[in-house]
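Below, chain A is the first sequence line, B the second, and so on; all start at residue 1.
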Amino acid sequence: MIGSAVRKLGDGITGGRFSIDDDRLTRWTLSGLGLVLLIAFWEAVTTVLSLNPKYFPGPMGVVNELIRIWPAIVAALPNTLSAALVGYLLALALSIVIAIPLVASDRILNALMPFIIGTNTVPRIAMTPLVIYWVSFYSVSMLYLANYVMAVWVAFFPMLIAAIDGFRSIDEDTENMLEVYGATTWQEFKYVRFKNGLPFIFDGMKIGFVLAMIGAVVGEFVSGTFGIGSQAASAIGRTSIARAFAIVLVLGLISTGVVLIVYLIESKMIFWRESSIMGAE
Amino acid sequence: MSGLSERQFALAKRWIKRQFPTLVTGVLFIVLWEVIARVIGNNRIVADIGYTVSSLQAQADTIVVRVSETFSSVIVAFILAVVLGVLLGMVVAEIYTLRQMTMPLIIFAYAVPHPVLAPMFIIWFLVGGSFTLFTFTGPSAYIFPAMTAADAQIAIGINGVSTFGAWVGFFPVFISTITGMNELEERYQHLGTVLGATRWQMVKYFRFWRALPNIASSIKSTVQLSIVGVIVAEFIASSSGIGYQIILAWKTGDLGYMFGVVLVIMLVSYTFFQLAVWTVKYVTPPGSTT
């Protein structure tokens, strides 16, 4: 006890002359410097080696292309983003709602766990053409619904597993205490499991959004409905790297933004544990 | 019980007991599928088992060729991902300045929905040409007597599909190498200092070994992600591989074939995954991976 307290004190002191703010400033400076250096290096390589700008565009080429196709991207973005967002929120709600009865009853959990793990193991993305086929069977004009379905289908299982793991992460002392107090299942969840599960659920949420985005984009790749995915696929036909890169940049910034927002909410809500920006895969 | 010791017998028994729920789930899945197909009663909406199997048998040779193509790409992607992930991870973990400088890039690359990058890989290899390391006669030549060795030939090479698979599978290994190397317990750090270890010796004798369990458990994600990457790249890029076969089945509206191919992919990926997990478990000391 005393040893760990002393060590904690020591940790506080060894910071010495560097305060936390200093450290943060250095890190941000280094990060910024890294980005600048990367872009400079990239531009220098394309210029010095005089690479074909069609296949190896410099940063300026990408920015120019981005400005050129900006209207098309703005037109396509709402489709992709709404598929990804709606799919994401649906998958999140479903994962929590379904995890509760599974955790409450060991028997159901044991019965369904092999199925859940198995489905999480196989490449679910391979179902894309099948989902599109079914949706087109239902209504061809609403083919874009397939992207929503794919977003849910791809994002759901990892988030479900995260929620199950989270609700089950309860130490033996607490379990015994709940037993002694005669807590009902609902009370167990209300007072212990929800709070204990939060860090896991947030980890699942970070990877979940990226996965929902993947589902929506691949859906558009295959079905060709109007959206960012089909725009990216059309870059292959034109063999235009600048176009492909511009789209990557836009989509990457959006999903980095969302992951960052989830991370910020997480670090505000979960004050008792240090959060990491990268969720568990 | 010739050759089987008591211990091996007990282990086998435990293994069977553990696999039992999986088996039951598999059987239940098949029954449920058949019931749904019977109730709907239309092979164009849900193909029943008989129809799927007959569609599969009709094109068994194509499927075997395509599956071996896909999974040879997956193997290349997997090896590339692990080797590059560990090497780059070690460099980035070791040099603090570099780690801070590349941080925004790493977060961006982690958060970007990777399929959208597939076109870039494909265009580059379309333009630059892919290169083949070696070719060999695939298993289909031995299974189907009618198939010539030339048709069954499989190329192990670096192309758009396999590099994209490697890119997708790269991150778990990369990140866990960094995390693992930075989690070296302080006492070993002190031991290294006392013994006067150079930086390289620290990496060679301490930090790399600290990272190894993390790397081993990240292999699971890497296997899954390399398969996903390869299949997605095949969707949009190539005319080869099993990914393209699903697209083909979708375009011709051949539901039985589509069901069959999806099932084959799931089964082969599951086997591949279990094989990788088992290998990792076998080569690492017990209890070192979670």
Side-chain angles (χ1 to χ4, degrees), chain A residues 26-27 30-35 37-38 52 55 84 110-115 118 120-130 132-134 137 206 209-211 213-214 216-218 221-222 228-229 232-233 235-236 239-241 244-245 247-248 251-253 255-256 258-260 277-278 281, chain B residues 21-22 24-26 28-29 44-45 97-98 100-105 107-120 122-124 126-128 171-172 175 218 221 224-225 227-228 231-232 235-237 242-243 246-247 249-250 253 255 258-259 261-262 265-267 269-270 273-274:
Chain A
T26 342
R27 289 207 321 235
L30 277 176
S31 297
L33 193 69
L35 271 185
L37 273 181
L38 178 81
N52 184 345
Y55 305 128
N110 286 338
L112 284 183
M113 216 48 195
F115 170 73
N120 194 40
T121 311
V122 297
R124 273 155 294 144
I125 205 88
M127 293 273 285
T128 314
L130 196 58
I132 293 170
Y133 176 86
W134 274 327
F137 211 87
K206 277 176 273 179
F209 182 75
V210 181
L211 286 174
M213 204 77 152
I214 288 171
V217 167
V218 174
F221 271 167
V222 177
I228 288 287
I236 298 181
T239 59
S240 164
I241 286 283
F245 206 97
I247 291 169
V248 168
L251 222 53
L253 285 178
S255 64
T256 312
V258 173
V259 172
L260 261 179
I277 192 154
M278 292 183 214
E281 292 261 342
Chain B
T22 316
V24 171
T25 319
L28 269 182
F29 171 75
R44 290 192 58 76
I45 299 176
T97 320
L98 188 66
Q100 286 310 325
M101 280 166 89
T102 48
M103 215 44 182
L105 199 68
I107 292 173
F108 180 85
Y110 166 82
V112 67
H114 40 243
V116 85
L117 277 152
M120 291 173 61
I122 286 149
I123 297 169
W124 273 330
L126 214 63
V127 174
F171 272 89
I175 305 270
S218 72
S221 314
Q224 291 173 337
L225 287 174
I227 297 174
V228 168
I231 288 175
V232 167
F235 273 171
I236 55 167
I242 200 78
I246 321 179
I247 299 284
W250 167 58
L255 192 62
M258 198 147 60
F259 261 63
V261 171
V262 169
I265 292 181
M266 306 268 162
L267 278 180
S269 321
Y270 189 77
F273 175 75
Q274 292 298 344

Measure distances from [X] to the heavy atoms of chain A and classify the residue's part below 4.5 Å as side chain, backbone, both or neither.
X: L117(B); result: both
X: L28(B); result: neither
X: I246(B); result: both

*Less than 4.5 Å apart, any side-chain heavy atom of F108(B) and any of L253(A)?*
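Counting from C-beta outward, F108(B) and L253(A) do come under 4.5 Å.
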*Please tell me if the side chains of V122(A) and L267(B) come closer than 4.5 Å, counting only heavy atoms from C-beta onward.*
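The answer is no, as the side chains (C-beta and beyond) never meet within the 4.5 Å cut-off.
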Under a 4.5 Å cutoff for heavy-atom pairs, which residue among [options] has the most contacts with chain B?
options: F221(A), W134(A), F209(A), F245(A); value: F221(A)
options: T256(A), V210(A), I214(A); value: I214(A)
options: L33(A), V222(A), L251(A); value: V222(A)

Which atoms of [X] approach chain B - backbone, side chain, both or neither, heavy atom under 4.5 Å:
X: V217(A); answer: side chain
X: F115(A); answer: both
X: L37(A); answer: side chain

_Closest approach of S31(A) to Q100(B) (non-hydrogen atoms, all atoms of both residues)_ =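 So the minimum-distance heavy-atom pair works out to OG-O, 3.0 Å.
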Picking from [options], which has the most non-hydrogen pairs under 4.5 angstrom with chain A?
options: I123(B), T102(B), V262(B); answer: I123(B)
options: S269(B), A249(B), P104(B); answer: P104(B)
options: L105(B), L98(B), L255(B); answer: L255(B)

Looking at [atom1] of [X] and [atom2] of [Y], how far apart are the two atoms once the value is rounded to the nearest 0.5 Å?
X: W250(B); Y: I132(A); atom1: CH2; atom2: CD1; value: 5.0 Å
X: L30(A); Y: M103(B); atom1: CG; atom2: CE; value: 12.0 Å
X: I231(B); Y: M127(A); atom1: CD1; atom2: CE; value: 12.5 Å

*Tell me, please, which residues at least two apart from N120(A) pass side chain to side chain donor-acceptor pair (under 3.5 Å).*
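Residues passing side chain to side chain donor-acceptor pair (under 3.5 Å) with N120(A): R124(A).
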*For Y55(A), does its backbone N or O pair with a side-chain atom of W124(B) as donor and acceptor, under 3.5 Å?*
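Side chain of W124(B) to backbone of Y55(A): a pair is present.
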*Check I241(A), V248(A), I236(A), I247(A) against P119(B) for a side-chain contact (heavy atoms from CB on, under 4.5 Å) and give me the one that passes.*
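In the set I241(A), V248(A), I236(A), I247(A), the residue that makes a side-chain contact (heavy atoms from CB on, under 4.5 Å) with P119(B) is I236(A).
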